[in-house]
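Residue numbers start from 1 in every chain, and the chains themselves are labelled A, B, ... in the order their sequence lines are given, proteins ahead of strands.
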Amino acid sequence: MRYAPSPTGYPHVGNIRTAMFNWLFARHYGGRFVLRIEDTDVARTVPGALEAILESLRWLNLDWDEGPEVGGGYGPYVQSQRLPLYHEAAERLVREGHAYYCFCSPERLEQMRAEQTKRKEPPRYDRLCRCLTTDQASDKATSGVIPVVRFKTPLEGLTTFTDLIRGEVTFDNATLDDFVLLKSDGYPTYHMASIVDDHSMLISHVMRAEEWLSSTPRHVLLYRALGWEPPQFAHLPMILGPDRSKLSKRHGATSLIEYREAGFLPETMVNFLALLGWSLDDKTELLSREEIVKSFTLEHISKTPAIFNREKLEWMNGVYIRSLKVEDLTNRIIPFLERDLPPGVPRPLSRDYVLKIAPLIQERARTLAEAAQLSDFFFVVEPHYDPALLLSKNTGPDDIANALHITLERLRTIESFDTARLEPMLRSLAAELGMKTGVLFGALRTATTGRTAAPPLFQTMEALGKDRCLRRIEAAIDLLGRLERAK
RNA sequence: GCCCUCAUCGUCUAGGGGCCCAGGACGCUGGCCUUUCAAGCCGGUAACAGGGGUUCGAAUCCCCUUGGGGGCACCA
């Protein structure tokens with residue numbers, strides 16, 4: 001198996017899903033997973049893209065047996081370092097009558113296509129140079145035009161191959177044109193390079209996205225012309241954006257690394273991506289990487305394109321976050337908190353403190369990136385909030401202030417400031433004051449956290465600690481007083 | 001325009017002739033639990049694109065239509 005990305009951009013979830021399916025297939029059957037870099041488009045190569053590819057694979061722990069950084073017996077694994085191989089194959093094809101030099105200028109080709117389109121004909125090369133004699137060709141060559149090498153596609157006949165997912169697929173050769181093998185800059189096209197490399201790297205199965213299905217007959221023809229046995233092909237359904245079109249930047253977060261930044265766990269991504277185009281049975285949603293490897297086969301791959309469903313991804317990530325050990329969650333959350341908490345919060349954060357807070361947000365966070373927003377009141381000196389939030393229906397500021405005052409005094413006397421002590425104490429206090437627990441607890445929640453929706457009150461207070469709580473309650477009473485005077 | 005391909009709830013999917021007046025999950029939604037928010041539990045909503053065949057019997061097989069997707073570069 002191989003994953004053969006081109007460093008022309010950051011790999012998106014579809015690219016990585018393809019990589020992962022190849023990896024899964026290799027691991028399931030005990031095969032080898034090869035990583036090959038297809039950098040034959042010099043103009044479109046993006047700096048940093050290669051690193052992003054490796055980083056994406058590493059993040060999901062998709063290790064490659066051969067390829068950049070690890071080597072292997074069939075390298076080099078970067079196409080720009082294999083140019084002689086492609087030239088050799090191309091020259092052989094020309095020599096044996098399967099390919100020819102084409103001297104047509106890009107301008108001519110463009111004009112030709114424009115006219116074809118205007119006549120509602122399929123745009124394709126008109127084969128002008130196909131019939132050039134050797135003499136004519138060398139004449140042109142000496143005149144300084146650098147030719148490309150084109151494949152001499154059979155004019156008639158059918159090309160049939162078996163796709164492991166779709167079954168037999170047939171193309172009429174008459175609908176294919178004479179595609180370019182070698183570009184004038186000396187680099188091969190994808191068609192040429194991938195065939196030469198897949199053959200020489202002993203690739204047995206080519207699993208790639210469906211967008212390649214229509215160029216597969218060209219590949220089959222090329223294999224035949226070179227006298228090589230083609231690999232097995234399997235074309236994966238595409239992953240589409242919410243508008244049902246090919247995934248692109250327009251669809252928001254698409255590059256895999258963006259999901260890491262957004263606080264998704266790698267185990268979530270592996271599980272979720274596996275389910276995009278593959279399924280185990282009629283009910284299993286949550287699978288570990290080991291379980292996926294164990295049961296991954298082609299039979300369960302679907303043929304229909306899938307739309308990336310972010311809501312379900314978030315749900316799944318929440319499930320994985322909740323399954324984490326507190327220590328693990330703490331370690332994973334700290335970088336996000338340090339990134340996202342207000343600038344005023346001193347770094348580095350205390351790991352012990354985060355350790356106390358982590359369990360309180362574990363049930364509530366769907367992504368690690370939500371951690372800061374769910375817990376910022378634990379870190380800021382004083383939370384700022386609308387004093388009206390301290391109030392409840394049918395209870396005036398005076399009553400709340402009074403209740404908070406009494407609470408404050410009781411809390412001062414408490415020796416161990418923990419949930420076990422706080423809960424019974426505050427419950428009986430509410431009864432004593434003749435207040436509904438919801439009213440008292442609500443006011444205390446707002447006072448201590450600055451918000452109406454927060455983790456369970458007593459645990460929150462325990463984590464905050466006595467000093468912080470007392471100070472915040474005092475501030476709340478103060479706020480209520482000012483609210484009264486403003487009236 | 002031409003070629004290829006696909007077609008089950010809004011989305012991801014199970015289903016490969018009777019087990020399906022179609023199952024699971026996300027979402028949405030009703031209830032329970034509850035100091036808020038979550039989480040959890042119980043329930044509900046919602047689909048076989050349409051039309052012809054084949055068959056005792058079709059979501060499942062065949063054909064057509066429609067619709068979606070992809071391709072048609074000196075990009076991969």
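Here the nucleotide nearest the side chain of A:H191, chosen from B:G24, B:G68, B:A76, is B:A76.
Nucleotides B:U5 and B:G10 have their P atoms positioned 27 Å apart, rounded to a whole Å. Nucleotides B:A49 and B:G67 are separated by 7 Å at their C1' atoms, to the nearest Å. Of the P atoms belonging to B:G15 and B:G52, the separation is 28 Å, rounded to the nearest Å.
Of the side-chain N and O atoms in A:R366, one or more sit less than 4.0 angstrom from OP1 or OP2 of B:G27. Residue A:S302 has a polar side-chain atom (N or O) positioned under 4.0 Å from OP1 or OP2 of B:U13. Under 4.0 angstrom from either OP1 or OP2 of B:C26 there lies no side-chain N or O belonging to A:R310. Between A:T8 and B:C75, a side-chain N or O to OP1/OP2 separation shorter than 4.0 Å is absent. A close approach under 4.0 Å does occur between a side-chain nitrogen or oxygen of A:K183 and OP1 or OP2 of B:C75. Residue A:K246 places at least one side-chain N or O closer than 4.0 Å to OP1 or OP2 of B:G71. Of the side-chain N and O atoms in A:R218, none sit less than 4.0 angstrom from OP1 or OP2 of B:C4. Considering only side-chain N and O atoms, A:R451 lies nowhere under 4.0 angstrom from the phosphate OP1 or OP2 of B:U36.
With hydrogens and angles left out, the side chain of A:E285 and the base of B:G24 share a donor-acceptor pair within 3.5 Å. Judged by distance alone, with hydrogens and angles left aside, A:R124 brings no side-chain donor or acceptor close enough to the base of B:C72 to form a pair under 3.5 Å. No hydrogens or angles were tested; on distance alone, nothing pairs the side chain of A:T304 with the base of B:C6 as donor and acceptor under 3.5 Å.
One can place OH of A:Y190 at 17 Å from P of B:C74, the figure rounded to the nearest angstrom. The CG-C1' distance, from A:L275 to B:C12, rounds to 7 Å in whole Å. In this entry the distance linking CE of A:M316 with C1' of B:A39 reads 17 Å, nearest Å. Between the CG atom of A:L247 and the C1' atom of B:U11 there is a distance of 15 Å, rounded to whole Å.
Defined by atom type and a distance below 3.5 Å, a donor-acceptor pair is present between the side-chain atoms of A:D197 and A:Y86.
Across all non-hydrogen atoms, the minimal contact from A:A89 to A:M192 is CB-CE, 4.1 Å.
In this pair, A:F441 and A:F458 present their aromatic rings perpendicular. The plane angle is above 60°, beyond the 30 to 60° band.
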